[in-house]
Amino acid sequence: MRIVLSVIAAALLTACTSQPDYREETTPPPTVSSVDLQRYTGLWYEIARYPNSFERNCTGVTAEYVLNEDGTVAVTNTCFRNSVNGEKDVAEGRARVVDGSNNSKLKVKFAPAWVPFAEGDYWILALQDDYSASLVGSPDGKYLWILAREPQLESGTLDALKERAKELGYDTAPLEMTVQSQQG
């Protein structure tokens with residue numbers, strides 16, 4: 001059993017460290033001042049993302065957040081492999097709010113509870129006033145997403161979120177646009 005756990009831990013560590021860093025700045029970026037989790041919950045469409053191994057060949061990507069009674073957030077990420085009609089891939093996880101962050105920093109975990117060191121940073125870096133679009137990333141620059149409540153995002157809002165990412169030190173050139181289903 002110890003060998004199995006060691007192999008799992010080594011695989012997770014390798015996956016985490018092999019992701020490129022697209023942010024040269026070492027000072028953590030500021031997040032939004034606060035987030036109303038009731039308003040943030042619901043369905044979000046992935047508009048753009050940094051390339052990463054767990055979303056390779058994913059299209060039609062969505063994230064659904066549900067606030068749990070204990071204050072944590074249930075996370076369900078869905079994608080279709082290779083096309084919007086391809087194999088459906090669903091990952092379920094849980095997020096917890098980082099103390100003192102006014103809900104703008106979360107730690108997300110998709111691994112079983114007994115797996116240590118498997119939490120990832122989910123920082124809300126920009127958020128439209130009406131909660132229609134969001135810029136989310138990790139402070140180390142390995143992960144960045146642009147999310148919206150609709151499958152397509154108005155170009156002006158997309159440009160503004162990309163500009164905010166640049167202001168925070170993130171390289172926007174690697175961002176991949178996500179293909180969404182026409183049915184939404």
Side-chain angles (χ1 to χ4, degrees), residues 4-23 28-29 31 40-66 68 72-98 104-126 133-149 151-153 158 161-162 165 168-181 184:
V4 171
L5 290 177
S6 296
V7 169
I8 291 171
L12 287 171
L13 184 60
T14 300
C16 291
T17 57
S18 64
Q19 179 68 18
D21 180 347
Y22 298 112
R23 185 171 184 268
T31 60
Y40 198 82
T41 58
L43 184 66
W44 290 87
Y45 293 88
E46 180 183 275
I47 303 300
R49 67 170 176 257
Y50 277 166
N52 62 66
S53 61
F54 52 87
E55 287 186 288
R56 187 171 289 123
N57 299 318
C58 275
T59 58
V61 180
T62 60
E64 186 165 13
Y65 307 114
V66 176
N68 296 318
T72 62
V73 178
V75 180
T76 303
N77 289 345
T78 304
C79 85
F80 294 88
R81 297 288 175 180
N82 300 311
S83 78
V84 292
N85 299 317
E87 177 186 337
K88 186 176 181 179
D89 211 357
V90 177
E92 294 187 359
R94 183 184 254 356
R96 65 177 177 83
V97 174
V98 174
S104 65
K105 296 178 185 177
L106 295 102
K107 291 284 191 175
V108 180
K109 187 174 188 175
F110 288 96
W114 56 267
V115 177
F117 312 112
E119 287 184 318
D121 288 312
Y122 182 102
W123 287 20
I124 302 169
L125 304 167
S134 179
L135 176 68
V136 178
S138 62
D140 59 9
K142 293 180 185 293
Y143 301 99
L144 190 69
W145 292 273
I146 295 175
L147 307 174
R149 295 295 189 171
Q152 280 78 39
L153 186 58
L158 178 61
L161 289 171
K162 284 181 177 180
L168 296 174
Y170 292 86
D171 183 0
T172 58
L175 281 172
E176 300 175 338
M177 298 303 292
T178 305
V179 176
Q180 292 292 337
S181 165

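Residues take their numbers from the sequence shown, with the count starting at 1.
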K.L.:
Between CG of Asp89 and OG1 of Thr78, what distance do you get to the nearest 0.5 Å?
P.N.:
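The distance works out to 8.5 Å.
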
K.L.:
Any side-chain to backbone donor/acceptor pair from Lys109 onto Val115? Under 3.5 Å, distance only.
P.N.:
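Such a contact is found between Lys109 side chain and Val115 backbone.
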
K.L.:
With heavy-atom distances below 4.5 Å as the criterion, would you say the side chains of Leu135 and Leu144 are in contact?
P.N.:
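Counting from C-beta outward, Leu135 and Leu144 do come under 4.5 Å.
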
K.L.:
Give me the atom names and distance for the closest heavy-atom approach of Asp140 to Asp21.
P.N.:
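Smallest heavy-atom distance, with atoms named: O-OD1, 2.6 Å.
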
K.L.:
Roughly how far, to the nearest 0.5 Å, is the CZ atom of Phe54 from the CG atom of Asn77?
P.N.:
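Reported value, rounded in 0.5 Å steps: 8.5 Å.
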
K.L.:
Looking at every non-hydrogen atom in both residues, tell me the closest pair between Gly137 and Leu125 and how far apart they are.
P.N.:
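It is N-CD1, 3.7 Å.
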
K.L.:
At what distance, to the nearest 0.5 angstrom, does NZ of Lys107 lie from CH2 of Trp123?
P.N.:
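Lys107 NZ to Trp123 CH2: 8.0 Å, rounded to 0.5 Å.
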
K.L.:
In terms of the angle between their ring planes, are Tyr65 and Tyr122 parallel, tilted or perpendicular, with boundaries placed at 30° and 60°?
P.N.:
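Rings of Tyr65 and Tyr122: perpendicular, over 60°.
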
K.L.:
Inspect the contact between Arg49 and Glu176 and indicate whether a charged nitrogen and a carboxylate oxygen are less than 4.0 angstrom apart.
P.N.:
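Here Glu176 pairs with Arg49 in a salt bridge, since their nearest N and O are under 4.0 Å apart.
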
K.L.:
What closest approach, in Å, do Gly60 and Phe80 show between heavy atoms, and which atom pair accounts for it?
P.N.:
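That would be O-CD1, 3.8 Å.
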
K.L.:
Minimum heavy-atom separation for Leu147 and Ile47, please, with both atom names.
P.N.:
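Nearest pair, atom of Leu147 first, then Ile47: C-CG1, 4.2 Å.
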
K.L.:
Do you know which two heavy atoms are closest between Ala133 and Leu161, and how far apart they sit?
P.N.:
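That closest heavy-atom pairing would be CB-CD1, 3.9 Å.
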
K.L.:
Using atom types as modelled and distance alone, determine if a side-chain donor or acceptor of Thr72 lies under 3.5 Å from a backbone N or O of Arg96.
P.N.:
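No, Thr72 side chain to Arg96 backbone: no donor-acceptor pair under 3.5 Å.
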
K.L.:
Just do the side-chain contact (heavy atoms from CB on, under 4.5 Å) check on Tyr40 and Ile124 with the steps written out, would you?
P.N.:
CA-CA 10 Å; Tyr40 198 82; Ile124 302 169; 3.8 Å; yes

K.L.:
Hey, mind stepping through Val75 and Phe110 against side-chain contact (heavy atoms from CB on, under 4.5 Å) and telling me if it holds?
P.N.:
CA-CA 9 Å; Val75 180; Phe110 288 96; 3.7 Å; yes

K.L.:
Looking at Asp171 and Arg23, is there a salt bridge between them, counting it only when a charged N and a carboxylate O are closer than 4.0 Å?
P.N.:
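Not counted as a salt bridge, because no side-chain N and carboxylate O are separated by less than 4.0 Å.
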
K.L.:
Distance check, rounded to the nearest 0.5 Å: Glu92 atom CD versus Glu64 atom CD?
P.N.:
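So the CD of Glu92 and the CD of Glu64 are separated by 10.0 Å.
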
K.L.:
May I ask you to test the Lys142-Tyr22 pair for a side-chain heavy-atom distance under 4.5 Å?
P.N.:
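Lys142 does not reach Tyr22 side chain to side chain.
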
K.L.:
State the CD-OG1 distance between Glu46 and Thr178, to the nearest 0.5 angstrom.
P.N.:
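Rounded to the nearest 0.5 Å, the CD-OG1 separation comes to 3.5 Å.
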
K.L.:
Rounded at 0.5 Å granularity, tell me how far CD in Glu87 sits from CG in Asn57.
P.N.:
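So the gap between those two atoms works out to 11.0 Å.
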
K.L.:
Please report the shortest heavy-atom distance between Trp145 and Glu55, naming the atom on each side.
P.N.:
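That would be NE1-OE1, 3.0 Å.
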
K.L.:
Can you check whether Cys58 reaches Arg81 side chain to side chain, under 4.5 Å on heavy atoms?
P.N.:
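In short, these two side chains touch, coming nearer than 4.5 Å.
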
